[in-house]
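By convention in this document, chain letters (A, B, ...) are assigned in the order of the sequence lines, proteins followed by strands, and residues within each chain are numbered from 1.
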Amino acid sequence: MTDAHGEDLAREANGSGFWMRSVAPIAATAAALALVPLWLGESRLLMGLAIAGLLFAAYAIAFNIIFGSTNQLFLCVGALAGIGGYATGLLTDRAGLPMPVGILAAAAAAGLVGGFISWVAVSRSLGVIFTGIVTLAFSLAFGNLLLGQRDLTGGETGLVIEAGTGTFLRQLVPPYYMFLALVVLYLVVYRVLHGSHIGWAFRAVRDDEITAELAGVNVARYRIYAGLIGSVMLGLAGALYAHNEGYIGPSTFGFGHVDVRVLVMLAFGGIGTLLGPVLGAVVFTILDEVLVGFGQLREVVYGALVVVLFLGFRRGFLPAVTSGFRRAGTWRSDDAPDRDESEMRS
Amino acid sequence: MLEVAGLSAGYSGQDVVHGVDLTVADGEAVTVIGSNGAGKTTLFKAVCGLLAPSAGRVAFDGSDITAMPAHRIARLGLAYVPAERHLFPQMSVRENLALGAFPRSPDRGTLDSVLALFPQLGERLTQHAGTMSGGEQQMLAVGRALMSRPRLLMLDEPTTGLSPKLAQNAYDALATLHDDGTTLLVAEQQVPLALKLADRGYVVENGRVELEGTTDMLERNPEVRRAYLGVA
Amino acid sequence: MTAVILDGIVLGLQFGLLGVGLTLVYGLGGVLNLAHGQLAVVAAVVVTLVSDTGTAAGVAVAAGLLAAGVLGLLLDSTLMQPVYRQRGESRVLLGLLLTLGVAFMIDGFLIWRYPTRGLSLNIGGGAIPILGVRMRSGSLLASAISVVAGIGLVAFFRGSKLGRAVRSVIQDEEGARLVGVDPAAARRLIFVLSGVLAGLVAVTRSMTSPVTVTAGIDFTILALIVTVVGGLGSVLGAFLAGILLGIVNTVSSFYIGTYVTTIMLLLAAVLTIVFRPTGLLGRRT
């Protein structure tokens, strides 16, 4: 672990490595995505889809930080984004707070909840299964809370959000660029985290927790950081979406709508890679639209994809394809923790 | 009865045992001695199917069992008592013994002979295995293995965690079994006990057979005496 | 109040039966089968399909249970094999993700193909008074079946050679192999059993309220909560937890409301995980 990662960091300190591995991919992606409105900019429907794509990319990057970096199975991506969305909606419309304050407060709220979950998971040494169950339970409880507290949340019918009308957030193209900026920001955050000592610690934790502990990495602290940062990102994205769309409901942030999709996107694009979440989001937003005529069968397709992708490719489909099947981390059946070479690229 | 040829095995691609040859004839008592980490346990696991060998062949009663899974080898009549015993902690002594006979139902006669060999088990038939002492668990582990009327009984360090007195008792029981005709293969760190029981022995170090011969020969061998019998 | 509690017990017995299948599969293979509820719904759908052809109710029910069992067999023989090849956390994670995917596949398919299907078994006969409360015969039959199933399970596990062999795999897999028990065969048996039990729950549930095609995910969540509270791997724990949670469910639904009730049940699972991960009767893993 030390050799390869050390080289990794050394290469980054060296100028050319830094450009190739961080700035170039992010810049290229940003540039490519920036062109999208030129081509779809007339249609409200298509622009809405494009924004949804970016939103999911943001979700996926956040989940990548929480799960991809420190193996915390947070099956509550939607719920955390939902905290952001509903909190800002209520704070701005009901409590009359200015929009920026509402948004930041909402993101902070999501961060606190997510950080708290991480803290609980870490203090009680909850493994994957228990973390997964706890977060799934939280997701469902949140959904029920939204449905039950009808006076506050509008229940089944959802919440109309006034704040933001008249601003650029409700226009056709500007919000797209805002979300693009968000995605770029999140990519930068991911890159910085991974390039720093925090990233090294993340990788250590993910690869071999016991060795990491012995090497002096405070596994607990890094898990909580990842949970906190990822959750703030989710809350922020959810909040911005709420003001952009002007309407949110329980299904907007439901498990079946958000979490399953994010899992598929990462399974495809690659867990623990920089651009994987974005690529996954782009591909699946398009696929989603293509399949819209199929109704419920779409669920079947997503389910099948989760099965096939996770079965075949431990760290994601794209990494397997791009680095050659042999080198990518397919599920291995021996006990020894293995080191994926594909991780070097992130 | 048991023929091991060129067996190599290990973990995560790394071999711990290299090219071991070993035979056990019908009715013999053979011992495998060596220090801690010599590879005895790995060797035994590879023979009885808990570990897949990386090279070599294992034949039991003429059939090739090299690639056979442990549960099928057990049904062929090879009973293995590992050092950790692997008893069923929330089951009673009676249930543990009954399972020893799986897939057959426990046979009254066999049960009686096992209880005759280990009377303390008879006093504790309803006690849960997990609450028993080390010595009692060892007896139960051997008793359970005997319930299947095995053709070959393999034991890995049966004296683990036992006081000298209990260890002697264990070997007395094994001697009785040997006298009654049960074929034994025992891996042991407590060399004097093993050499006294067995007819033949193999000295294994660093995963290889360093020495083999009758136990008389081994007892007189100066290197064995120096390394394992504490004689200068 | 007595009525509410009795209803709670009726419901609780079914909860228990639902949890038993899930807890067994976990105890044996370390796999949390998130498609468990779907097995129940498949059974319900098959029962209605077979009933439609005019066959007797008993045959239809048998067909439903068979279908669920076969589906369990199929899942274990195919998808679960790569999962079992993994160890430790990898296995848990892959198992969770694959069964989640399968759950969505089955759920989507059933809703698409039979959107209006629902199973409702009408048990005739008037109400029978129990402890001064008039209980519907449907509830009583459902409870009786659950109790008989529970007793049958206990008898199987404690009293039969095969049942003992299965328990041995849960308690010490390597020891089981050494005595000649094939853990893979045991897992397959239990997976099939869990399917049949899930189907049985769908059938008994339908005696008191309709089981619709969308109920799969709810069943899975309930099974999950019961399993966690009862202790992963414990059959008795699942029943105990089931009854307890059933009573909590009906009391809370009656006096407070459905959404809060669901939150409470979920909270019960979370609190168990945080403060007493082994659940009521689970063993230390």
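Ranked by heavy-atom pairs under 4.5 Å with chain A, the first of C:L265, C:L34, C:T262 is C:T262. In terms of non-hydrogen atom pairs under 4.5 Å with chain C, the most contact-rich of A:V300, A:V301, A:V306 is A:V300. For the set C:G108, C:G30, C:G95, the count of heavy-atom pairs under 4.5 angstrom toward chain A peaks at C:G108. Among C:L96, C:D107, C:V102, C:T99, the residue making the largest number of heavy-atom pairs under 4.5 Å with chain A is C:D107.
Environment of OH in C:Y84: crowded, with over 12 heavy atoms of neighbouring residues, nucleotides or ligands closer than 6.0 Å.
Separation of atoms CG (C:L94) and CG (A:L311) is listed at 6.5 Å; rounding is to 0.5 Å. Distance check, rounded to the nearest 0.5 Å: CG of A:L309 to CG of C:L98 gives 10.5 Å. Here CD1 of A:I129 is found 4.5 Å from CG of C:L32. Values are rounded to the nearest 0.5 Å. To the nearest 0.5 Å, the span separating CD on A:Q149 from OH on C:Y259 amounts to 11.0 Å.
Proximity to chain A (any heavy atom under 4.5 Å) is shown, for C:I273, by both the backbone and the side chain. If you measure heavy-atom distances from C:V228 to chain A, the contacts under 4.5 Å come from the side chain alone. At a 4.5 Å heavy-atom cutoff, the contact between C:P277 and chain A is made by backbone and side-chain atoms alike. Of the two parts of A:L73, only the side chain, counted from C-beta on, holds a non-hydrogen atom closer than 4.5 Å to a non-hydrogen atom of chain C. Residue A:V134 touches chain C through both its backbone and its side chain, counting heavy-atom pairs closer than 4.5 Å. Heavy-atom distances place both the backbone and the side chain of A:L140 under 4.5 Å from chain C. Using a 4.5 Å cut-off between heavy atoms, A:F138 makes no contact with chain C at all. At a 4.5 Å heavy-atom cutoff, A:L305 makes no contact with chain C through either its backbone or its side chain. When heavy atoms are compared at a cutoff of 4.5 Å, A:V308 does not approach chain C at all.
Taking the side chain as every heavy atom from C-beta outward, C:L93 and A:F67 approach each other to under 4.5 Å. Side-chain contact between C:L100 and A:F310: absent, with no pair of heavy atoms (C-beta onward) separated by less than 4.5 Å.
Within residues 235-244 of chain C, no residue has any heavy atom closer than 4.5 Å to a heavy atom of chain A. Within residues 214-226 of chain C, the residues having any heavy atom under 4.5 Å from a heavy atom of chain A are, by residue number, C:I221, C:L224.
Taking each heavy atom of A:F294 and C:W112 in turn, the nearest pair found is O-CD1, 4.1 Å.
With A:F130 as the fixed residue, the side chain to side chain contact (heavy atoms under 4.5 Å, CB included) test singles out one of C:V274, C:V270, C:V92, C:L232: C:L232.
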